[in-house]
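Lettering of chains follows the sequences in order, A, B, ..., and the numbering in each one begins at 1. Computed over heavy atoms, backbone and side chain alike; hydrogens, waters and symmetry mates excluded. Computed from a predicted model, the values in this text were never measured in an experiment.
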Amino acid sequence: MSVTRTGPLPAGSDATYDVVVVGAGVVGSAIARTLARHPLRVALVEAANDVGDGTSKANTAILHTGFDALPGTLEARLVREGYRLLCAYAQETGIPVEPIGALLVAWDEEQRAALPRLAEKAERNGHRTTRLLTASELRSREPHLDPGALAALEVPGESVVCPWTTTLAYATQAVRSGVDLHLDCRVEKVRTGDPYHRLVTRRGVLRTRHLVNACGLHADAFDALVGREDFTVTPRRGQLLVFDKFARDLVRHILLPVPGPLGKGVLIAPTVYGNVMLGPTAEDLDDKTATGTTAEGLAGLREQGGRILPALLDEEVTAVYAGLRAATGQEDYRIAAHPGLRYVTVGGIRSTGLTASLAVAEHVRGLLADCGLGLGPERPLAGLRMPNLGEAFPRPYRDARLIARDPDFGAIVCHCERVTRGEIRAALTSTIPPGGLDGLRRRTRARGGRCQGNHCGAEVRALFEEHAEHREGNR
Amino acid sequence: MNRTVDVLVVGAGPAGLAAAARLAASGAGRVEVLEREQAAGGVPRHCARAGFGADARGRPLDGPGYARRSVRAALRAGATVRTGVSATGWAGPLTLDVTAPTGLERIRARAVVLATGARERPRSARLVPGSRPAGVLTTGELQRLVLRFGAGPELVGRRAVVVGGDPVARGAVRTLRAAGVEVVAVVCEHPAGRAAFGAVPVLTGAVVSELLGRGRLTGVSVRGGVAGTTRHTLRCDTVVFTGDWIPDHELARARGLPLAPGTRGPATDGAFRTTAPGVFAVGNLLRGVEPAVVAAAEGRAVAAAVTDLLEGEPWPEGAVPVGVPPGVPTGPVGPLRWVTPGLLGPVAAPLLVRPERGLVRPVLTVTQDGVPLRRMRLSGSLLPWRSVRLPARWADGVDPGGGPVVVGAEE
Ligand SMILES: Cc1cc2nc3c(=O)[nH]c(=O)nc-3n(C[C@H](O)[C@H](O)[C@H](O)COP(=O)(O)OP(=O)(O)OC[C@H]3O[C@@H](n4cnc5c(N)ncnc54)[C@H](O)[C@@H]3O)c2cc1C
Ligand SMILES: Cc1cc2nc3c(=O)[nH]c(=O)nc-3n(C[C@H](O)[C@H](O)[C@H](O)COP(=O)(O)OP(=O)(O)OC[C@H]3O[C@@H](n4cnc5c(N)ncnc54)[C@H](O)[C@@H]3O)c2cc1C
């Protein structure tokens, strides 16, 4: 078990694996964790300096029931199974999830007429608990909604989840169970071979019998490295606005648009951190690095958000960001085994990958076995309890017993998000410590609040550097 | 642990400390100030330069010096000042939940004075599009970084752009240059005093329309010219967003206090009483930044009404709201940004007015229910970064039982 970020990769037999999973997003991390159940030598290799630094960090953070999936697709099945698996896993490991349910809100007659059809589709996807709400029922459920709302379809079970903790939990458990994690380690070339493929990185060469491509947006480029051209990934950008916590009382459910001829529309959803999110846009681009926001995008979102929940616009915006969905021109995932190459491509994990991650991992385990990987017996994974970032669960700054044991948990450093020195120290010394301040934010919420570091930025940085020096000193 | 004090002050900045000093000296009983940072003093602690008046011998005071004096004055008067202690919420009308390394507490008071200050809107709250690189700061963070770590290209870069034209922008420019950073330009939407920035180019009528760069900032796009049609890129590795204040009103809102629309601070009457009996608010929390002496003067002034309350006087009722004319959503913004206090009670109080833009010899008006109460031309000019104080007689004739009072301006 090890995590590396710099220096040459291990050499010789230490650099020889049964499976290498390339890409430590939510999908690759889930796969590595699943494989860690078996007596295999597994490595998880990631180009960025942290896990979950791609699309997995910038999404709408909804744990979908899959009620609106295209029935019969692999995606529909994996979302449904993934939902169940992740709900259970979150409970077990302390990933914050709030099962607040969703409302698909109809604003015109056409949309109202579409609701029963959506209820039928949900039924075909195995969801029989949806219910139509009249305008007045809707009003009592969501008093701040614009009075123009006509009706809604209620979808119980739709939940909000912490995407950062989810990816980190998978990767942490994988590493604790024996997986090697190599960060800052882009795979630049693949020399396929028998019995080993050789993966060339700037930090050295890794050898592996089996290979998994979990490269997200770059899954097509990675396929090309092993000589396959099965699909092209077109990034579809989603811009999002996060509103201040004062907005949280304005909304009780995930408010979904009714899909129609004019596209999918935007949603308004609470976050587990106690904020409210508005978005996403859907823009097809060619640039896989275009994770910036645009003036038009943000203005459009505000306009649409104001029509749904007028009071939302009175609140301050805490964050603006964008994520890129991996669209491939097919209304389904692109998961394929290539037994001849002992290679599995996990591509086109579009806008549901967070939800489906654990089911995708199970599916890939089966495909690897089909490719001739001898899995061997199963063993339990290392235990795991994640630090809680969710507002619906006890936070350290309110925990008298914890503070009595370690006064650092009573020392609030990030005041907007109420993050204590104890939590920051714990993150900095965790199994997979953050590689920078943004990684620290995803582990603790520090600097992620309404002041964006105005008050605490210097102090958080001081803690980070103190630990970085400490780590250097230990080397 | 549950405790009771006479006066609980939240925030040990100039306003909170001045309130505590005056109250402790006047025999208000146990006066306790809570400060969430490691040291008391508030924002001036981080302003390592002159600009905070002078001491008794006329020597100019810098921020940290001013902060030390304020703390000393409060302590000498007998107030308790606790640092590293955060008020996190309300457990009752006058009871606060508190977190500190020593544990959790629930502190009940006979009077609570909120003095939690203000912050600058960061990039996100200003809806500036683009990437999310490192090197994007507010003046507050810049000052703290430089104080803590000294200069260093990794922290504050080599080439900076400063956004805003207020005196704080000047402070940011000075801080950057003292740290060895080249200031490429000051970008401000409103006309600013060019002279104020020395040799640094000032782009007025311009806005930062996009942040560029991955990992570290590499530049900002600036839009300006007639109708915002010209666009160009300034190369820089740091951008500092200055001014554009928003009160740190979390506790005020958690208590359900109504906000004054122009300021986003809790509405108070002229004696700094909020709408919740026993709860007062002073300092930058009311409306964003004024000079430290103004905040401190409010702190001293609140003592009178707190003392009245402690001596058993009833909480006055029947204050009327005061505001500037609401802006038309699509039209140009009105000439005035805000007026405080947000409420007028039976006792007349001076008004603090902040213009939205520069106004030359404007006529100020006070009306209630459409009836003009006062109309007067000011002799000087108003500047968008400075407030003007109108004496209490401006509010003469306000009917405490009437409708909202509107303060307007005409050029
Ligand atoms: C706007 C938006 C909203 C969304 N909302 C939701 C939602 O509400 N619920 C939900 O379930 N899903 C949602 N999704 C989808 C979800 O975020 C994705 O499906 C999921 O994050 C994909 O994970 P991944 O691991 O496949 O990709 P990524 O997270 O992108 O990970 C791929 C990783 O591979 C690495 N990599 C690439 N090439 C190489 C190489 N050559 N060598 C080494 N490493 C490499 C990258 O650096 C990256 O870290 C949303 C997506 C977007 C964009
Ligand atoms: C960048 C900058 C430059 C400035 N330069 C000058 C200058 O040159 N000259 C000048 O006269 N003025 C200057 N000012 C203005 C001056 O600093 C302020 O007017 C003054 O600090 C306001 O005092 P205050 O007490 O209202 O707020 P603050 O000084 O902001 O103090 C509020 C205090 O409350 C604490 N607090 C908030 N919430 C809680 C809580 N829940 N629990 C416990 N504690 C809490 C905060 O930590 C803070 O210490 C400057 C301001 C800034 C931001």
Side-chain angles (χ1 to χ4, degrees), chain A residues 58 239 241-242 244-246 289-299 301-302 314-322 395-401 403-404 406-413 415-416 418 420-422 436-438 447 449-459 461-462 465, chain B residues 1 36-38 46 84-86 88-89 97-105 116-117 119-134 136-149 155 209-215 223 241 246 248-250 253-254 259 261 264:
Chain A
Q239 303 186 39
L241 289 170
V242 180
D244 200 329
K245 297 188 187 340
F246 300 117
T289 62
T291 52
T293 47
T294 64
E296 305 73 45
L298 299 181
L301 287 178
R302 282 177 68 82
D314 292 341
E315 300 301 343
E316 298 286 309
V317 169
T318 304
V320 293
Y321 66 92
R395 301 267 322 273
Y397 82 92
R398 294 299 306 152
D399 187 338
R401 265 196 296 178
I403 298 170
D406 182 350
D408 267 2
F409 287 97
I412 298 181
V413 173
H415 303 292
C416 303
R418 308 225 170 123
T420 63
R421 196 185 302 143
L437 294 179
D438 288 340
R447 279 170 69 255
R450 56 178 71 98
C451 90
Q452 291 284 299
N454 181 69
H455 296 315
C456 72
E459 170 108 27
R461 179 179 281 272
E465 313 247 298
Chain B
M1 197 176 73
R36 63 191 186 180
E37 298 213 348
Q38 296 309 307
H46 312 291
V85 181
S86 298
T88 58
D97 275 330
V98 165
T99 291
T102 47
L104 304 182
E105 282 175 67
T116 50
R119 64 178 187 277
E120 290 163 295
R121 283 195 173 86
R123 168 271 174 103
S124 49
R126 301 174 192 226
L127 297 175
V128 177
S131 59
R132 299 178 77 190
V136 183
L137 303 173
T138 51
T139 321
E141 186 171 5
L142 168 72
Q143 290 185 337
R144 290 174 205 224
L145 280 173
V146 171
L147 263 189
R148 183 135 200 170
F149 298 97
L155 287 169
S209 55
E210 190 179 353
L211 305 188
L212 308 168
R214 221 166 295 288
R223 207 183 55 219
F241 289 94
I246 170 92
D248 266 323
H249 54 208
E250 183 171 20
R253 292 189 71 180
L259 300 185
R264 307 285 289 160

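Chain B forms more heavy-atom pairs under 4.5 Å with one residue of A:Val317, A:Asp438, A:Leu298 than with any other, namely A:Val317. Note on B:Arg214, B:Glu120, B:His46, B:Gln38: by heavy-atom pairs under 4.5 Å with chain A, the leading option is B:Arg214. In terms of heavy-atom pairs under 4.5 Å with chain B, the best-connected choice from A:Glu315, A:Arg421, A:Lys245, A:Glu316 is A:Glu316. Residue with the most contacts toward chain B among A:Cys456, A:Gly453, A:Gly457: A:Gly453 (heavy-atom pairs, distance under 4.5 Å). Looking only at heavy-atom pairs under 4.5 Å with chain A, the residue among B:Glu250, B:Arg264, B:Glu210 that has the most is B:Glu250. With chain A as partner, the option from B:Leu212, B:Asp97, B:Thr139 having the largest number of non-hydrogen pairs under 4.5 angstrom is B:Asp97. Heavy-atom pairs under 4.5 Å with chain A were tallied for B:Glu141, B:Arg123, B:Gln143; the largest tally goes to B:Glu141.
Neither the backbone nor the side chain of A:Thr420 has a heavy atom closer than 4.5 Å to any heavy atom of chain B. Of the atoms belonging to B:Val128, it is backbone heavy atoms, and not side-chain ones, that fall under 4.5 Å from chain A. In this structure, chain A has no heavy atom under 4.5 Å from any part of B:Ser209. Looking at B:Leu155, only its side chain comes within 4.5 Å of chain A, counting heavy atoms on both sides. Residue A:Arg401: no heavy atom, backbone or side chain, is found under 4.5 Å from chain B. Looking at A:Arg398, both its backbone and its side chain come within 4.5 Å of chain B, counting heavy atoms on both sides. Looking at A:Asp399, the atoms closer than 4.5 Å to chain B (heavy atoms on both sides) all sit in the backbone: N, CA, C or O. For a residue to count as touching a neighbouring chain, one of its non-hydrogen atoms must lie under 4.5 Å from one of that chain's; by this rule A:Ala404 does not touch chain B. For A:Leu241, the part lying near chain B is the side chain, with the backbone staying farther off; criterion is any non-hydrogen pair under 4.5 Å.
Contact annotation: the side chain of B:Thr138 never approaches that of A:Gln452 to less than 4.5 Å [non-hydrogen atoms, C-beta and beyond]. Counting heavy atoms from C-beta on, the side chains of A:Phe246 and A:Asp314 never come closer than 4.5 Å. Taking 4.5 Å as the limit, every side-chain heavy atom of B:Arg132 sits out of range of all side-chain heavy atoms of A:Thr293.
Using modelled atom types and a 3.5 Å distance limit, the side chains of A:Gln239 and A:Thr294 yield a donor-acceptor pair. At a cut-off of 3.5 Å, with distance as the only test, a side-chain donor of A:His455 or B:Asp248 sits close to an acceptor on the other residue.
How far OG1 of B:Thr99 is from NE2 of A:His415: 11.5 Å, rounded to the nearest 0.5 Å. Put simply, NE2 on B:His249 and CZ on A:Arg450 are 6.5 Å apart, with the number rounded to the nearest 0.5 Å.
In terms of heavy atoms, B:Gly213 sits closest to B:Ser131 at O-OG, 2.6 Å. Of all heavy-atom pairs between B:Gly84 and B:Pro101, the closest is O-CD, 3.4 Å.
A salt bridge (Lys or Arg N to Asp or Glu O under 4.0 Å) with A:Glu459 is found for exactly one of B:Arg148, B:Arg36, B:Arg144, namely B:Arg148.
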